[in-house]
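There's a structure below that I have some questions on.
By convention here, the first residue in the shown sequence is residue 1. Just so it is clear, the model here is predicted, and its values are computed rather than measured. Counting starts at 1 for both ligands and their atoms, following the listed order.
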Amino acid sequence: LDLVAGQFASGLGTARAFEAERRRAESLAELDRAKTAFFSDVSHELRTPLTLLLGPISDVLADPADPLPPSARDQLELALRNGQRLQRLVDDLMDVASIEAGRAGAVRVPTDLAAFTAELAGVLRAATERAGLRLSVDCPPLDRPVHVDPRMWEKVVLNLLSNAVKYTFVGGIQLVLRGEPDQVVLTVTDTGIGIPADELPRVFDRFHRVQGSLARHREGTGIGLALVRELAGLHGGTVTVASEPGAGSTFTVAVPYGSPDAPADPVAPSSA
Ligand code: ADP
């Protein structure tokens, strides 16, 4: 009997512990929702005044009828550059917030991913060359379309490439896109500063930046890779990294070919 009573008591204990754990998980989830809503609200509030601030500055800078004294131009260009930086940060925060709130389902459309990716790499070619780095792009045509949300794919590619440029001081960057039987694999390899092994698991965490390294000399927020991971995940894909300090890093994104998203309103099947 004692044994049974003991088991009963320990069963009760387990049930209580389970209930306490469930409550804890619920309140953590609640906190998380509140934090996401806060991010989203703050970013929204920042966006409008920023646009109103930067619009007139770029208008003044672009006005040929009203040339500025060189010192004023320098100051305004500095203000514009930093304001645009802030704008990008706000945009990234809003993306993270809306993905977390589950509002940003990927809207996948059939895409010629090889051509699109090569085009995106082209956007960063000038910046890469200005930084004294080589950029090699290898995106042979794929045998079928890939279903991606173009705006999200653009963020994935541009975030990885701009990191590669940012954290590489000599050498170059190589972007490769390959079709495999079940998935498409994008790799971005650089000859940059690399990431220490113990930091590797955390680089995809939001706001995480590698401590005490050369990386600190570059401006950043630690949002980019978190966003890449979220976006890859929304496509049913993954992102991984391999790296050697002092030699360079390779980021690999794998996404399935996928299928188009179901239209919001069901339509009658066509005769095709
Ligand atoms: P950010 O670049 O804004 O700091 P990310 O989320 O894009 O944020 O990257 C997180 C951290 O991972 C960076 O701060 C940097 O320490 C490291 N990192 C990212 N990409 C690279 C890379 N290509 N080479 C070396 N370190 C990198």
Quiz item: Which of these, Leu225, Leu227, Val188, has its nearest heavy atom closest to atom 19 (C) of ligand 1?
Solution: Leu225
Self-check item: Donor-acceptor pair, side chain of Asp112 and main chain of Ala115, under 3.5 angstrom
Solution: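 The answer is yes, because a donor-acceptor pair under 3.5 Å joins these two groups.
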Quiz prompt | Sole residue of Asp92, Asp149, Asp91 in salt bridge (Lys or Arg N to Asp or Glu O under 4.0 Å) with Lys155 | solution = Asp92
Practice problem: Report yes or no: does Gly192 have a heavy atom closer than 4.0 Å to ligand 1? | Solution: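 Under 4.0 Å: no for Gly192.
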Exercise. Measure the CG-OG distance between Asp63 and Ser58 for me, rounded to the nearest 0.5 Å.
Key: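 So the gap between those two atoms works out to 11.5 Å.
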Practice problem: Please check if atom CD in Gln84 has more than 12 non-hydrogen atoms from other residues, nucleotides or ligands closer than 6.0 Å. | Solution: yes
Quiz item: Relative to the heavy atoms of His208, which atoms of ligand 1 are at a distance of less than 4.0 Å?
Solution: 10 (C), 11 (C)
Quiz prompt | Val203: numbered ligand 1 atoms lying under 4.0 Å from its heavy atoms | solution = 10 (C), 12 (O)
Practice problem: Please determine if Glu154 and Arg151 form a salt bridge, counting it only when a charged side-chain N lies under 4.0 Å from a carboxylate O. | Solution: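 Salt bridge absent between Glu154 and Arg151.
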Quiz prompt | Donor-acceptor pair, side chain of Thr111 and main chain of Pro145, under 3.5 angstrom | solution = no
Quiz item: Looking at ligand 1, does Phe204 have a heavy atom less than 4.0 Å from it?
Solution: no
Quiz item: Relative to ligand 1, is Ile223 under 4.0 angstrom through side chain, backbone, both or neither, heavy atoms considered?
Solution: backbone
Quiz item: Short list, please: which atoms of ligand 1 are under 4.0 Å from a heavy atom of Gly224?
Solution: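 In order of number, 5 (P), 6 (O), 7 (O).
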Exercise. Within a distance under 4.0 Å of any heavy atom of Gly194, pick out the atoms of ligand 1 and give their elements.
Key: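 Listed by number with element, the hits are 25 (C).
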Practice problem: May I ask you to check if ligand 1 and Ala226 share an N or O to N or O distance below 3.5 Å? | Solution: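 N/O-N/O distance below 3.5 Å does not exist for this pair.
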Quiz item: In terms of side-chain geometry, is the basic nitrogen of Glu199 or Arg202 positioned less than 4.0 Å from the acidic oxygen of its partner?
Solution: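 Yes, charged N to carboxylate O under 4.0 Å.
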Quiz item: Of all the atoms in ligand 1, which lie at a distance below 4.0 Å from a heavy atom belonging to Lys166?
Solution: 1 (P), 2 (O), 3 (O)
Practice problem: Decide whether an N or O pair under 3.5 Å exists between Ile193 and ligand 1. | Solution: no
Quiz item: Can an N or O of Tyr167 be found at a distance shorter than 3.5 Å from an N or O of ligand 1?
Solution: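 There is such a contact, yes.
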Quiz item: Any idea which part of Ile195 is under 4.0 Å from ligand 1, heavy-atom wise: side chain, backbone, both or neither?
Solution: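 Just the side chain.
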Exercise. May I ask whether Glu199 places a heavy atom under 4.0 Å from ligand 1?
Key: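 No, that is not the case, since the closest heavy atom of the residue is not under 4.0 Å from the ligand.
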Quiz item: In Å and rounded to the nearest 0.5 Å, what is the CG to OG distance from Asp190 to Ser243?
Solution: 7.5 Å
Practice problem: May I ask you to say whether Arg22 pairs ionically with Glu26, meaning some side-chain N is under 4.0 Å from a carboxylate O? | Solution: yes
